[in-house]
Amino acid sequence: MSDDKKKDAASPRRLYANALELAPLLLFFVANGKWGIYTGTGIFIAATAIALPCYRWLEGRWPIMPLVGGFFVVIFGGLTIWLQDDTFIKLKPTIVNCLFGVILGSGLLLFHRPLLKPIFGAAFRLTDAGWRTLTLRWALFFFVLAAVNEVAWRNFSTETWIASKMFVSFPLTMVFAFFQIPLLKRYWDGDDNPFAKAPAPPEDPAGGAEL
């Protein structure tokens with residue numbers, strides 16, 4: 001298959017993958033508005049459990065970060081329903097994003113290893129300097145997402161908090177990923193740089209961490 005055909009096939013897959021990442025949040029928002037946070041949380045858990053295998057079928061791989069996020073959705077969502085306390089589901093994005101930030105940051109500081117490379121090396125072929133820079137940026141960005149979640153759930157209504165996940169955190173992640181194109185272009189390892197000409201958004205290395 002030619003490179004152009006591969007790009008044409010990859011673009012719809014990326015759109016479908018983004019839809020899979022956003023769908024559980026959308027269902028969560030709608031269900032919360034109709035039946036409340038606890039029913040909404042149950043639907044969020046079920047939708048996440050369905051979305052992850054669909055993502056696996058679409059991309060041909062398990063998305064590591066959404067998989068970790070889905071695990072925490074089940075744990076914190078289950079605690080929310082069991083204890084009838086929505087604090088757990090509201091804290092989940094903060095904890096997950098801080099966890100990702102700490103793991104990526106610790107890999108760089110303690111072990112001098114850009115941990116995005118073994119996870120996403122099949123999607124991007126960068127120099128070591130490129131992987132270090134990209135890993136550092138995503139580590140810091142995960143802390144930004146955690147801060148956004150903290151501000152949203154502690155200062156606004158549940159409906160506004162859920163809406164912030166769809167209309168603030170998710171778009172912010174897409175925009176952040178888009179603005180990594182110059183880095184990918186600069187540090188691409190090889191002559192077949194797919195970002196050298198077309199300014200198309202890259203695959204989100206976070207894999208939709210907000211899931």
Show me the donor-acceptor pairs within less than 3.5 Å that the side chains of residues 63-78 make with the rest of the protein, sequence neighbours left out.
none

Can you name the side chain to side chain donor-acceptor pair (under 3.5 Å) partners of [X], sequence neighbours left out?
X	result
Arg132	none
Thr87	Asp85
Thr127	none

Is there a path from [X] to [Y] through hydrophobic residues (I, L, V, M, F, W, Y) whose side chains come within less than 4.5 Å of each other?
X	Y	value
Ile119	Leu126	yes
Phe178	Leu116	yes
Val96	Phe143	no
Leu136	Leu145	no
Leu79	Leu99	yes

Task: Residues which pass salt bridge (charged side-chain N to carboxylate O under 4.0 Å, His left out) with Glu159, listed by chain and number, not counting sequence neighbours - done: none
Open item on the list: Asp128: which residues meet the salt bridge (charged side-chain N to carboxylate O under 4.0 Å, His left out) condition with it, sequence neighbours left out?
Closed with: Lys117
- [ ] For the residue pair Thr80 and Tyr38, establish whether any side-chain heavy-atom pair is separated by less than 4.5 Å.
- [x] yes
Task: Sub-4.5 Å side-chain heavy-atom contact between Leu134 and Trp131 - done: yes
Task: Side-chain cluster (under 4.5 Å, hydrophobic types only) that Leu27 belongs to, other residues - done: Trp35, Ile43
To the nearest 0.5 angstrom, please state how far the [atom1] atom of [X] sits from the [atom2] atom of [Y].
X	Y	atom1	atom2	value
Leu25	Ser169	CG	OG	9.0 Å
Lys165	Leu22	NZ	CG	10.5 Å
Ile50	Ile45	CD1	CD1	12.0 Å
Phe142	Arg137	CZ	CZ	14.5 Å

Task: Where at least one partner belongs to residues 144-153, residue pairs that pass salt bridge (charged side-chain N to carboxylate O under 4.0 Å, His left out), sequence neighbours excluded - done: Glu150-Arg154
Considering all heavy atoms, the nearest [X]-[Y] contact:
X	Y	value
Cys98	Ala146	SG-CB, 3.6 Å
Thr94	Trp153	OG1-NE1, 4.5 Å
Thr41	Phe28	N-CE1, 3.7 Å
Phe124	Leu184	CE2-CD1, 3.8 Å
Ala129	Tyr187	CB-CE2, 3.8 Å

Donor-acceptor list for residues 100-111 side chains, cut-off 3.5 Å, not counting sequence neighbours:
unit_1	atom_1	unit_2	atom_2	d
Ser106	OG	Val102	O	2.7

Open item on the list: Using only atom types and a distance under 3.5 Å, with no angle test, would you say the side chain of Thr160 pairs donor to acceptor with the backbone of Phe156?
Closed with: no
Open item on the list: Determine whether a donor-acceptor pair (N or O, by modelled atom type, separation under 3.5 Å) exists between the side chain of Gln180 and the backbone of Ala177.
Closed with: no
Open item on the list: Thr158: which residues meet the side chain to side chain contact (heavy atoms under 4.5 Å, CB included) condition with it, sequence neighbours left out?
Closed with: Asn32, Ile37, Asp86, Lys90, Trp161, Ile162
Task: Phe141: partners by ring-ring contact (aromatic ring centres under 6.0 Å, His included), with sequence neighbours left out - done: Trp138, Phe176
